[in-house]
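Working notes, beginning with the structure itself.
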Number of protein chains: 2
Amino acid sequence: MKEVRARRPLADSTAVHDQVYDAIRQALITGKIAPGVGVSLRSLAAELGVSPMPVRDAVRRLVAERALAINPANKRLSVPSLSAERLEQLELARQWIEPELAARAAPKADEALVRKLRAIDQDLEEALRVGDVDRYMVANHAFHFAIYERAGAEVLLAMAGGLWLQIGPFMRVVFGRVGTGSLPADRHAEAMDALKARDAEGARRAIAADLSEGMDKMRAAVEAGAGLTAAPTGQTVITVS
Amino acid sequence: MKEVRARRPLADSTAVHDQVYDAIRQALITGKIAPGVGVSLRSLAAELGVSPMPVRDAVRRLVAERALAINPANKRLSVPSLSAERLEQLELARQWIEPELAARAAPKADEALVRKLRAIDQDLEEALRVGDVDRYMVANHAFHFAIYERAGAEVLLAMAGGLWLQIGPFMRVVFGRVGTGSLPADRHAEAMDALKARDAEGARRAIAADLSEGMDKMRAAVEAGAGLTAAPTGQTVITVS
DNA sequence: CACGCGAAATTGCGATCACAATGCACGAAC
DNA sequence: GTTCGTGCATTGTGATCGCAATTTCGCGTG
């Protein structure tokens, strides 16, 4: 475990704790870490090849964003378990904030944005065809936030990002069960049309509909799913690359 | 600066970094730290009498909650400056989430809650009479969140907490200028009546109106205020517990 | 007096060590 | 065979040290 660690100039772009944060964040969004399982700082650190320190920093951020939970007694941290209450609140919040962001982005949309969205959406459908769940989720996230960033609403964007972070594990459970084939991307086409036309209300409706469909599936899966809250004895086989 | 530091059993209640977090959080909510001023880890640590490490942890959380900003170039941190855009988004988010929480709390309200609210409100009015801004803000925060906690909506509650944290510095600026005497607490009485009657929509309206009045004052102050990002030479006197 | 320019101080970041506390497991007693 | 207690391993937390980079200030030059 004592490896030669390349010491980067450290000023080029991102700090180590940011990279660790992104790694765990991606693992959460794509659902690579199952809900309910416990993770430890040192195990994560060893897995990522860094010292526990930057992992601590990253974990602090994630806990603050409610993407990771910390047992107040144990002080041991884990992925928050999936409950119907949490999902209901997350859905409500998403249904309010994300259509709003889409509506604000519409007037500022341009040809470049639509082109970028079309490229992402093609990748998304490709992922759907081949059944690559991870790739689909990454593309879906990219699609939505390419729109939301255009709104130029920093505060709301950060809130939306936090919500996606919290809802990632839910998504993974759903698509792990239902499969990716059953989710049509029609709403994405509607959204792109509305953005192309700078139609704020149309974009709002399209995103709202897209969210509704996705959340419906999640709610159904959570209500029907028995072991969604995961076994506390879960093995943490997390491959954060 | 080499003091004998009492080593607490550490398992009694809260960790040091939590105390530091609470200290800075309180300082932000009550507006003890002015927007735009830069703070350093070591200076905060020295002021609090701890090592820079727990301060780093606390700051990490606060940055994640957007209560502190970090200059990507400098990597130096400061309180986010007050802009009309930020205020507009914060107002929108508050206007959506806080009435919702109040409405959810109303059916669960009981006599004990109303009594507690009445006590807080009396303290609040007392603070208004004597012109104690800090005490007023603490009481106002306590009033609102005594209600919101009753909703039992963990996710929404956390979001509301984050919003208050971001809007704290704004509040301080407003009340530092306008003075506390001009803010009537009538809406609080309405809210208490609605809660007592378990009237969800009434509680929603009361909180919405309360927010509107407060945010109107803030918006007016921000639009009119020139030196809102200014940095008073204030010594930030923060103390741990 | 103004303007660089270089050295010292400050700052954030990461690693390593120390410590208290909890979790876990192996083994002994009934 | 079941149960309880004792030891070791692991965990989170905090302090201290080192490093690189940026800021800051003083000094010399124009």
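The model shown is predicted, which means the values in this text are computed figures rather than measured ones.
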Proximity to the side chain of [X] - top-ranked nucleotide from [options]:
X: R42(A); options: dC13(C), dA15(D), dG12(D); value: dG12(D)
X: R60(A); options: dG14(D), dG12(C), dT13(D); value: dT13(D)
X: P54(B); options: dA15(C), dT16(D), dA15(D); value: dA15(D)
X: V16(B); options: dG14(D), dG14(C), dT13(D); value: dG14(D)
X: K75(A); options: dA15(C), dG12(D), dG12(C); value: dG12(D)
X: P52(A); options: dC13(C), dT16(C), dT13(D); value: dT16(C)

**Message:** I'd like to know if R56(A) reaches the base of dG14(C) with its side chain such that a donor and an acceptor end up less than 3.5 angstrom apart.
**Reply:**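 Between dG14(C) and R56(A), which were checked side chain against base, a qualifying N/O pair under 3.5 Å is absent.
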**Message:** If you go through the side-chain atoms of R76(A), does one of them form a donor-acceptor pair with the base of dG23(C) closer than 3.5 Å?
**Reply:**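 No pair found.
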**Asked** So with a 6.0 Å cut-off around CD of E154(B), is the heavy-atom count from everything else above 12?
**Response**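 Counting neighbours around CD of E154(B), 12 or fewer heavy atoms of other residues, nucleotides or ligands fall under 6.0 Å, so no.
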Using whole Å, report how far [atom1] of [X] lies from [atom2] of [N].
X: M53(B); N: dT16(D); atom1: CE; atom2: P; result: 10 Å
X: L41(A); N: dT10(D); atom1: CG; atom2: C1'; result: 12 Å
X: L77(B); N: dT22(D); atom1: CG; atom2: P; result: 17 Å
X: D18(A); N: dG12(C); atom1: CG; atom2: P; result: 15 Å
X: N71(A); N: dT11(D); atom1: CG; atom2: C1'; result: 13 Å
X: I70(A); N: dT22(C); atom1: CD1; atom2: P; result: 14 Å
X: Y21(A); N: dG14(C); atom1: OH; atom2: P; result: 15 Å

**Prompt:** Do you know which of H141(B), E98(B), H144(B) makes side-chain hydrogen bond (donor to acceptor under 3.5 Å, both in side chains) with W164(B)?
**Reply:**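 Single pass found, and it is E98(B).
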**Asked** Quick check: does any side chain N or O of R94(A) sit under 3.5 Å from a backbone N or O of A160(A), one acting as donor and the other as acceptor?
**Response**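 Looks like no, no N/O pair under 3.5 Å.
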**Prompt:** Using 4.0 Å as the upper bound for N to carboxylate O, is an ion pair formed by E88(A) and R104(B)?
**Reply:**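 Salt bridge between R104(B) and E88(A), a charged N being under 4.0 Å from a carboxylate O: yes.
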**Request:** Using a strict 4.0 Å threshold on nitrogen-to-oxygen distance, state whether D18(A) and R61(A) make a salt bridge.
**Result:**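 Answer for the salt bridge query: yes.
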**Prompt:** Should S40(A) be listed as having a side-chain N or O under 4.0 Å from OP1 or OP2 of dT11(D)?
**Reply:**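 Looking at the OP1 and OP2 atoms of dT11(D), one of them is under 4.0 Å from a side-chain N or O of S40(A).
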